[in-house]
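Note on naming: letters A, B, ... go to the chains in the order of the sequence lines (proteins, then strands), and numbering restarts at 1 for each one.
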Amino acid sequence: MAVSLIIDGQTVRAAPGATVLEAALAGGIYIPHLCHHPDLTPAGACRLCYVTVNGGGPVLACRTPAQEGMVVQTGSPEIDEIRRGLVELLMANHHGNCKGCLKSGRCALQEIIAKLRIDRKKLQQLRPAAEELPRDTSNPFFVLDPNKCVLCGICVRTCEELVGVGALNFAGRGYRSRVGPLGAGPLAQSVCESCGECVERCPVAGLAYVDHRRPREHVQTVCHSCGAGCPVTLGLRDGRVVEAKGELCGRGRFGWRILQAPDRLTVPLIRRNGAPAEASWEEALDLAARELSRYRGGECAVLCSGRLTNEEAYLLQRFAREVLGTNNIDSTLRLTHAVSLETLREATGWGGATGPFEAVEEAACILLVGANVARSHPVLARRIRRAAARGARLVVIDPREDDLGRFAHLWLQPYPGTDPALLMGMAVALVEEQLVDPAILGGLGAFLASLEDFPPGRVSRITGVPEELVTEAAKCYATSRPAVALWGTGLTQHPHGGDGVRALINLALLAGHTGLYPLLEEANAQGVWDLGCTPHHLPGQRPVPDPRAGGKGPESSPKGDGASYPGLTLTEVWDAVLEGRVRALYIIGVDPLGELPEAEKIREALGRVELLVYQHCFMGATGPLAHVVLPAAGWFEKEGTVTRADGRITRVRRVAGPAGGSLPDGDIICGLAARMGGERFVPEPASVLGEIASGVRGYGGLSWEGLEKGAEANVARPPLEARAAPLEYRGPTERPDMQYPLLLTGARNSPYGDVLSQKVEGLRALQPEEYLALHHKDAADFGITDGDRVRVLSRRGELTVRAAVTDVCPPGVVILNYRVFPDSLTGTISRVCAVTLERLA
Amino acid sequence: MSGELSLVREILAGYGKSRGALIPVLQEVQAALGYVPEGAMVEIARHLGIPASHVYSVASFYAQFRLQPLGRRRIAVCRGTACHVRGAPEILKELEGLTGIREGETSEDLEYTLETVACIGCCALAPCVRVNDEVYGEMTREKVRALFPDSEEAHRDAG
């Protein structure tokens, strides 16, 4: 219940649980303070917020709960003297003058000095010449300056309480106290994730952005960097983005710089005499349309990224189906989570998460399978850490050491590719421990029979996870309510990835849990999928009818009716090009040669294809091979809506640009469609959304005006009606043998290996070196010591990397901590292969 | 895996996942290794489920924890009042020159650790220096050099 109290003679209403300091600040009464931050627990470190309560001695306002009827005085001769003394001591240790300081004008210490009318000149005369300490400039975006630090601990608490990383802490003691990471090393080489949350909160210039310009206006939009879709407020000055505010990770905080990358495509290019030459939009679109018109139906294929807006995705699939006449349209989701969404659709009626991400933080148990969330969805990882710190049980299933490891209640390390067996083993444990509601079990005869394929002993042998641990994990998940399950590409990027997803859904159904979250990585992967950029589904996830009984796999007809049966996937397209079935490619927002696995095959296909129209913000590796290059606007340069990986639909707004002569993808698609006889191709997002809202399942009833005003909208998924389905165990296709005795899997070694970060200089610089983690027993077998260079040989290729000897990966498994996964080893999209090692002299 | 880390793991095996174990663990690690290396702090943090920076914070706060390994010859220069007035600063300067390290440091070859102490308790012999457990009194720059003949040569060669 709210309380009212009297502060300096003024009656103030305080929120329940508020401190005296919070009550005063909320009531517009200033009490000097440095270490208070509304997001953090009070520390009482700076001692500046002394007040008297009911005429008693001085107490700290930030540590005193506001109570009904309190009479608070924020100043008295005694308090003023204490405060003045403390500030003078702080200033005596505070180096340099304010002129040229990165925080001048936004500094809490400056404010306090002014409010207390402290004479700096007088103080500086008394000040001893203190030793200037070196600044930590290792981070490309911000500087840690011990000479400006006031040791308030806001950064320390931010990193521990909010971010859950704990990169910073106090080191040393007394006069030598300072804030820093573990040991003497620089911040950039610590566990710091460069999210900038500490910099956002530092009251002085202890942590400050190196090139910050104060924005003049702000625009609210949604972040581009992953499927978590964090709200972000971009600050602008002179039409350029200068800052990003909100709860963000490093990619979100600094990734907008991609808009200002010097190598943005700004002019259309067409190939003349074998070399790309600048052209006008008219020329380029005319040429692309004319050339595309020569092919029909299955001879064309369209590939896109998960970073189109919903409206653009809808237009693009219409273009493919109505104008080109083909279902050969697919997105990069194929390589990560298409199998998740397809399996979810089959099992639950809709391919998508079953609840909002907000529910993850409220869960009592979080089951995390094959997901390196801290690297793929850093802000979501924070929610998980905060949940765990609050007491939620985190169960991690991953052969790789996870950044969330220290929060894990249980950590199961199955051999790569054996997750389906492990998850079915957990289902067996649930049945055996009688933790399944009999009402759920009824009618599951076939499923229960299939469980007999997974006796505990066998599961343990297949996965390498002890039986007791399987049972404990299953019990923990089943007995905690609510519980959620999240999974990443560690579960899906296997030949039988769908089995893993199916087994996880089974487990959730048996336990009576509904929280299922595939962690889609590209910002609008879900929307692009829902709106039909897939060869098997029309908008609204309606299956493409397949008239060929028995559905014999993808085919292509020379002309015409390519849209009457399912098309080719992104991974199938390359073979189809090489076999001459697909002759024209329209590629949007993805650089296949630069980003996708199987680069050799793609190179050959791109060299062979008769027509390549490439639409992107950057030339990339594919651009130089294209016949027409169309410069596209970036994420923050266009209007539209996007669907977060949990089904929340939000507005993405044009904040700046488009850069140079680039155009939003929707405009380009409509430009082509208009030239090729497409009807009703109107690029205006509001009108496209209207069309979507009136006809696409799950997206009905959306209104542009409503979203504009910030109304909450979610994909309307059908009610969850699902039954556990039988599963037969199919082992990994890649097995170790005498010649290749180790199983290699990959783990991204930082959040900055993604395509966006590669284009931002500072984020690229934050990527650590690649290394191969191996168990010390394997290291001994191969005569490898920590730090050696080793050659890794698979059945298909090889690479050289530094070895890190550890005991955090299971014996027999080596983990390549990569920046960008090299496909030389696996030669396929799979991230698992058998290898052997050679130590290099 | 290095021997140091396996020692740390053995020590940790005796403790549960509790913050409260931090100081006893640090003490045991130091007793076993002579100091607390960074790698050990990472390992301790992992075991106790706390950030490594927190372990460093505690280890660097208490004077009892050494974050650098000790040299084979641990030189302590007395800076008590008596030693000070009879030339301890000169002695310290000489030793810094001889060993190539500054007060509080350990040489890279782990031969020397140079420290100062407030009083060794033999003011009558001021200024005095202790090397490991041996105390040398009435020191002069010449006597200091004589104590470390090898280092003097090595230092001159290098210089």
Side-chain angles (χ1 to χ4, degrees), chain A residues 151 153 155-157 159-161 163-174 176-185 187 189-193 198 385 388-389 394 401-411 773-780 784-787 803-808, chain B residues 1-13 15-23 25-26 29-30 33 35-69 101-106 108 116:
Chain A
L151 298 174
C155 54
V156 175
R157 280 175 287 146
C159 202
E160 176 66 21
E161 293 176 19
V163 185
V165 166
L168 290 171
N169 212 316
F170 297 105
R173 177 178 35 152
R176 289 173 188 273
S177 293
R178 56 179 184 79
V179 163
L182 163 80
L187 197 53
Q189 276 160 40
S190 73
V191 293
C192 169
E193 293 182 353
C198 56
R385 291 191 198 105
L394 177 61
E401 189 187 29
D402 189 85
D403 289 324
L404 300 174
R406 79 179 167 97
F407 294 92
H409 175 62
L410 296 170
W411 180 21
L774 74 164
H775 193 269
H776 59 89
K777 282 185 189 153
D778 294 324
I784 292 165
T785 50
D786 197 70
V805 180
T806 156
D807 63 355
V808 293
Chain B
M1 187 173 50
S2 72
E4 279 186 351
L5 275 193
S6 40
L7 256 174
V8 172
R9 295 227 172 89
E10 273 171 38
I11 292 166
L12 284 168
Y15 292 89
K17 190 176 175 174
S18 140
R19 257 171 200 259
L22 178 53
I23 289 181
V25 167
L26 284 170
V29 168
Q30 174 149 306
L33 303 178
Y35 77 116
V36 186
E38 267 184 35
M41 289 192 255
V42 172
E43 207 50 45
I44 293 168
R46 205 200 306 264
H47 183 88
L48 301 182
I50 55 180
S53 67
H54 182 83
V55 179
Y56 180 68
S57 180
V58 170
S60 64
F61 181 87
Y62 292 102
Q64 64 169 298
F65 296 120
R66 304 190 60 85
L67 306 185
Q68 304 291 324
I101 54 174
R102 308 208 14 206
E103 177 199 342
E105 292 179 349
T106 296
E108 265 178 43
T116 59

Do you know which two heavy atoms are closest between A:A171 and B:Y56, and how far apart they sit? CB-CE2, 3.4 Å
Counting heavy-atom pairs under 4.5 angstrom with chain B, the leader among A:A780, A:S190, A:G185, A:A167 is A:A167
Minimum heavy-atom distance B:K17-A:R406, with the two atoms named: NZ-O, 3.2 Å
Could you report the tightest heavy-atom contact between B:P51 and A:G166, atom names first, then the distance? CB-O, 3.4 Å
When the 4.5 angstrom heavy-atom criterion is applied to A:A408 and chain B, the contacting part is backbone
Should the heavy atoms of other residues, nucleotides or ligands under 6.0 Å from CD of B:Q64 be counted, would the total exceed 12? yes
Identify the heavy atoms of B:E38 and A:G183 that sit nearest to each other, and give their distance. OE2-CA, 3.1 Å
With respect to B:S53, which candidate in A:N169, A:L168, A:V191 satisfies the side-chain contact (heavy atoms from CB on, under 4.5 Å) definition? A:N169
I'd like to know which of A:A779, A:C159, A:G172 tops the heavy-atom pair count under 4.5 Å against chain B. A:G172
Part of B:A63 lying under 4.5 Å from any heavy atom of chain A: both
Name the member of B:L48, B:V42, B:I50, B:V55 that forms the most heavy-atom pairs with chain A at distances under 4.5 Å. B:I50
